[in-house]
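Every heavy atom of this structure was used, including side-chain atoms; hydrogens, water molecules and symmetry mates were not.
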Amino acid sequence: MCSTTSLAVATIFLALFLYESKAQLNATFYGDTCANASTIVRNAVQQALQSDSRIGASLIRLHFHDCFVNGCDGSILLDRGGSITQSEKDAAPNANSTRGFDVVDNIKAALESSCPAVVSCADILALAAEASVSLSGGPTWTVLLGRRDSLTANQAGANTSIPSPVEGLSNITSKFSAVGLDTNDLVALSGAHTFGRAQCRTFIGRLYNFNGTGNPDPTINSSYLTTLQQTCPQNGDGTVLANLDPTTPDNFDNSYFSNLQNNQGLLQSDQELFSTTGSSTVSIVNSFSSNQSAFFERFAQSMINMGNISPLTGSNGEIRSDCKKVNGG
């Protein structure tokens, strides 16, 4: 009887602890200290979009790649130097592909001018992701705030924890599960590939030698394959860009899912959501393709879920004055 009671108390305590850990982030965190933080971020993103149509997708990718490594702590923004001996920027999923750091620096400078030493770099990434989506025609959501910035980076973690465009669905599902995200989150967040670009090197294998077969990936639509082979010739420049969404490349909408149904997913990790026989992801793709509102609603919730991955709060971490380096570094 006593052990049962103890177990019940422990279970309640754990549930309260988990609730508290997430409840520490809240929508009004900067209400008294930097009330215009969201507006400052949004204005900067809007200005950046005027000269760079890719920047919205690039900024949301920074938030995604940050949260999957030690949680949403701004560690992806740290340059190598001082106490940072290895930068996440140099990890395989990020090197020569992550971008938008200059926009983050501009946002940080504007915030430091308005309310010094208040808004974390980790929160900047969360706010910039929401602004990027809503300004591109996608949903808006209430960004929960109060994250603090890490004092360390984890390059090894970035190499192993971030989902790869050439990984199979089971591996990617496992990586999402490892950070507390489920299959609905996986499909919804993959829908961020409704805008942005990818380099030829991330999908060239599908075009000519899929899984060592010497043939293209059989799931690629034949006319789409021809187009992609023209964009990315064999032994060509691997840094050439292709639209992740060939139909509405700069708009945040649900056409990504229709593209998958037409076998026009650019990355292997995209197309497998629809082409993996028997997978629960197939029905979710079909649902989002037929109902943009359902996609938008789920995407917003999944972004909140992702933003809740292991944030540093309270007295943990710090508020960096320069997102590229730890204070005093």
Side-chain angles (χ1 to χ4, degrees), residues 38 41-50 52-69 71-77 88-89 93-94 97-108 121-145 147 158 161-163 165 172 175-176 179 181 185-199 202 241 243-245 248-257 266-267 269-270 288 295-309 311 323:
S38 179
V41 174
R42 187 177 183 87
N43 289 343
V45 173
Q46 189 163 30
Q47 183 175 1
L49 279 166
Q50 291 173 1
D52 181 1
S53 61
R54 297 172 58 200
I55 198 62
S58 297
L59 289 170
I60 196 173
R61 186 167 181 251
L62 283 181
H63 184 40
F64 178 88
H65 283 209
D66 181 41
C67 290
F68 267 69
V69 183
C72 309
D73 61 359
S75 58
I76 194 173
L77 302 173
E88 291 174 26
K89 293 180 181 181
N94 297 326
S97 66
T98 46
R99 58 193 300 275
F101 299 108
D102 56 332
V103 177
V104 174
D105 289 339
N106 291 341
I107 294 170
K108 183 61 176 173
C121 300
D123 276 348
I124 287 173
L125 291 180
L127 287 166
E130 189 281 332
S132 296
V133 170
S134 60
L135 287 168
S136 300
T140 185
W141 61 92
T142 300
V143 180
L144 303 182
L145 301 164
R147 301 168 192 80
S161 301
I162 296 172
I172 292 175
K175 289 184 175 182
F176 271 73
V179 293
L181 299 177
D185 296 315
L186 164 59
V187 180
L189 293 173
S190 296
H193 286 172
T194 185
F195 63 173
R197 317 282 186 268
Q199 297 180 30
T202 61
L241 299 171
N243 293 326
L244 283 160
D245 177 351
T248 54
D250 296 323
N251 296 338
F252 198 99
D253 54 29
N254 69 333
S255 60
Y256 166 84
F257 299 102
L266 183 64
L267 307 177
S269 56
D270 292 323
F288 291 162
F295 165 50
F296 279 11
E297 183 177 338
R298 182 65 217 197
F299 183 84
Q301 183 58 56
S302 293
M303 285 297 296
I304 293 170
N305 295 346
M306 187 181 79
N308 270 331
I309 299 173
C323 291

Test item: Ser161 side-chain N/O and Ala158 main-chain N/O as donor-acceptor pair under 3.5 Å: no
Side-chain (Arg61) to main-chain (Gly196) donor-acceptor, under 3.5 angstrom: no
Ignoring hydrogens, what is the shortest heavy-atom contact between [X] and [Y]? Give both atom names and the distance.
X	Y	value
His63	Ala129	CD2-CB, 3.9 Å
Ser75	Glu88	OG-OE2, 2.7 Å
Ala188	Ser302	CB-OG, 3.8 Å
Ile309	Cys67	CG2-O, 3.6 Å
Leu186	Ser190	O-OG, 2.7 Å
Ser132	Ser136	O-OG, 2.8 Å

From [X] [atom1] over to [Y] [atom2], what is the distance, rounded to the nearest 0.5 angstrom?
X	Y	atom1	atom2	answer
Gln50	Ile55	CD	CD1	13.0 Å
Asp253	Phe296	CG	CZ	6.5 Å
Met306	Asp185	CE	CG	10.0 Å
Thr202	Leu244	OG1	CG	7.5 Å
His65	Ile162	NE2	CD1	5.0 Å
Ser134	Trp141	OG	CH2	7.0 Å

Intermediate values then yes/no, side-chain contact (heavy atoms from CB on, under 4.5 Å), Thr142 and Ile304: CA-CA 8 Å; Thr142 300; Ile304 293 170; 5.7 Å; no
Ser38 and Arg42 side chains, donor-acceptor separation under 3.5 Å: no
Gln47 and Asn43 side chains, donor-acceptor separation under 3.5 Å: no
Pair Phe252 + Phe299: ring centers closer than 6.0 Å: yes
Aromatic ring proximity, centroids under 6.0 angstrom, Phe176 and Phe68: yes
Do [X] and [Y] have side chains that approach each other closer than 4.5 Å (heavy atoms only, starting at C-beta)?
X	Y	value
Ile60	Val133	yes
Ile124	Lys108	yes
Leu62	Phe101	yes
Arg147	Asp73	no
Leu125	Ile76	yes
Asp105	Leu77	no
Arg197	Pro249	yes

Pair Arg54 + Asp250: basic N to acidic O under 4.0 Å: no
CA sep, side-chain torsions, deciding dist, call: Val104, Leu59, side-chain contact (heavy atoms from CB on, under 4.5 Å): CA-CA 8 Å; Val104 174; Leu59 289 170; 4.1 Å; yes
Asp52: partners by side chain to side chain donor-acceptor pair (under 3.5 Å), with sequence neighbours left out: Arg99
Partner of His193 by side-chain hydrogen bond (donor to acceptor under 3.5 Å, both in side chains), out of Asp245, Asp270, Asn243: Asp270
